[in-house]
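Heads up: the structure comes next, in structure tokens.
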Amino acid sequence: MTEFNPATYVTVVFEDVALENIGLDPAPDEYPELIAFCRSEVTNMAADPTQVRLVIVGDMVEAIKRRLPAGPERDSFDADRGAGMLAAKTMVVGDEVHVIVPAWCFLDTQAMRNGSTDAEFAEFVRTAPARERMIRRTVVHEAQHVAMDQAGEDDADYPDAHWVRKTFLGAAHQVAVEYRAELGVRQELREDYETTFPAESLGAFRSDARELYAAYSTDVSALSYYLMVQAIHLWKAFGYVAAARRVDGIEAALDVPQQERALWEQMGAVCWERFEQALAKLEAADTRIVDTEFRATVAQLADLLDEWFVELGFSWRDVENGRNTWFEVVSGHLLI
């Protein structure tokens, strides 16, 4: 692990990265422009930059798992994000906040020229502008999480709730903080498609639900857990759309392509308007919030996600005053 820590910026850390592959000397006087941009964006959002690290890693999944506590989340963590991809992650690690970004985003042109075929290098050059836009946008989003984490606004602990209710509150909390982070992504970093209906997320959930049911139909505990993981990916995707629509000032109804309308009716159309309205109560990450008000919004959103889960065909409940849980498939329309 290699660290560089100019006094006024967040610390930059490299893990499992050959520095020459990203155009760096072992002790650089300055960073390439893209790394410098990312460092500045994270620094600008940090209340205390001395407690933040921008971590550029060779293996995203392993870097994240090293920072997770032992348990099911670490054991099952992977790069799957429904229809999306794991582009970066911000984590609280002890007293620090770590923004973890993959090193492939910063690959040096000359290093790629020396280590690739002509075809691979041509593809690298062709995709460079899109790759750079993606990492700039991603790190600006992650910088918003730094602001929330250091302000103590990403505490997802709901100790008084029973297990299933706590799970839905946790899901709603994740959707809410992702929405707040998305509100902080500047217009010039956005893509036109971000306000459009995320049809691929519906298809990904349906496909994943079928695979999970085939694998775990006799293991209700595993089935309910993994279905919730995939549902959270789905709800986050719609949260991103809601945030993009708010940033763009779009008040018209969500435009659903004709070929997707039947599936959308089966997968949550009835919940969308209330979902967008609940999220609209939230402020961007650069605005400090009142915890009781935020938790009230999260509780309202958790109620709605519970209803949405039923729309997807699944019911999960606390029973016996929280001493047990009950899960059932109330509709198999996505599993056929």
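Source: prediction; values computed, not measured.
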May I ask you to check whether Trp308 and Phe275 place their ring centers less than 6.0 Å from one another? yes
Got a sec, which hydrophobics cluster with Met45, joining ILVMFWY side chains under 4.5 Å apart, including via others? none
Are any non-hydrogen side-chain atoms of Phe106 and Pro32 less than 4.5 angstrom apart? no
Quick check on Asp291: does its CG atom have over 12 non-hydrogen neighbours (other residues, nucleotides or ligands) under 6.0 Å away? yes
Side-chain H-bond candidate by donor/acceptor type, Glu142 with Thr90, under 3.5 Å: yes
Ring pair (Phe, Tyr, Trp, His ring centres under 6.0 Å) against Tyr179, all qualifying residues, sequence neighbours excluded: none
Taking Glu283 first and then Arg180, would you say they form a salt bridge - that is, a charged N and a carboxylate O separated by under 4.0 Å? no
Test item: Asn44 side-chain N/O and Ser40 main-chain N/O as donor-acceptor pair under 3.5 Å: yes
Quick one: list whatever passes side chain to side chain contact (heavy atoms under 4.5 Å, CB included) with Pro102, sequence neighbours left out. Met60, Trp104, Cys105
Under the rule for side chain to side chain donor-acceptor pair (under 3.5 Å), what residues qualify as partners of His173, not counting sequence neighbours? Asp154, Tyr158
Going by the rule side chain to side chain contact (heavy atoms under 4.5 Å, CB included), which residues pair with Thr127 if we only count those two or more places apart in sequence or in a different chain? Glu123, Arg131
Is there a donor-acceptor pair closer than 3.5 Å between any side-chain N or O of Glu182 and the backbone N or O of Ala244? no
Please answer: with hydrophobic residues joined when any side-chain heavy atoms are less than 4.5 Å apart, are Leu254 and Val270 in the same cluster? no
Where is the tightest heavy-atom contact between Ala176 and Val298, given as atom of each residue plus distance? CB-CG2, 4.3 Å
Other than Val319, what residues sit in its cluster of Ile, Leu, Val, Met, Phe, Trp and Tyr side chains whose heavy atoms are under 4.5 Å apart, directly or through others? Trp326
same_hphob_cluster(Trp163, Leu223) at 4.5 Å side-chain heavy-atom cutoff: yes
I need the full list of ring pair (Phe, Tyr, Trp, His ring centres under 6.0 Å) pairs touching residues 115-144, with sequence neighbours left out, sorted by first then second residue. His141-His145
Can you list everything that forms a side chain to side chain contact (heavy atoms under 4.5 Å, CB included) with Val220? Sequence neighbours excluded, please. Phe327
Residue list, side chain to side chain contact (heavy atoms under 4.5 Å, CB included) with Glu273, at least two apart or on another chain: Gln277
Between Phe309 and Trp316, how do the two ring planes meet: parallel, tilted or perpendicular, split at 30° and 60°? tilted
Counterpart residues, side chain to side chain donor-acceptor pair (under 3.5 Å), relative to Asp303 (two or more places apart): Arg165
Taking transitive links into account, so neighbours of neighbours count too, which hydrophobic residues share a cluster with Val185 at under 4.5 Å side-chain distance? Phe37, Val140, Leu189
Could you tell me whether the side chain of Asp16 reaches within less than 4.5 Å of the side chain of Val57, counting heavy atoms only? no
Ring pair (Phe, Tyr, Trp, His ring centres under 6.0 Å) partners for Tyr240, two or more places apart: none
Residue pair Leu54 / Val13, side-chain heavy-atom distance below 4.5 Å: no
Pair Gln187-Arg190, side-chain donor/acceptor within less than 3.5 Å: no
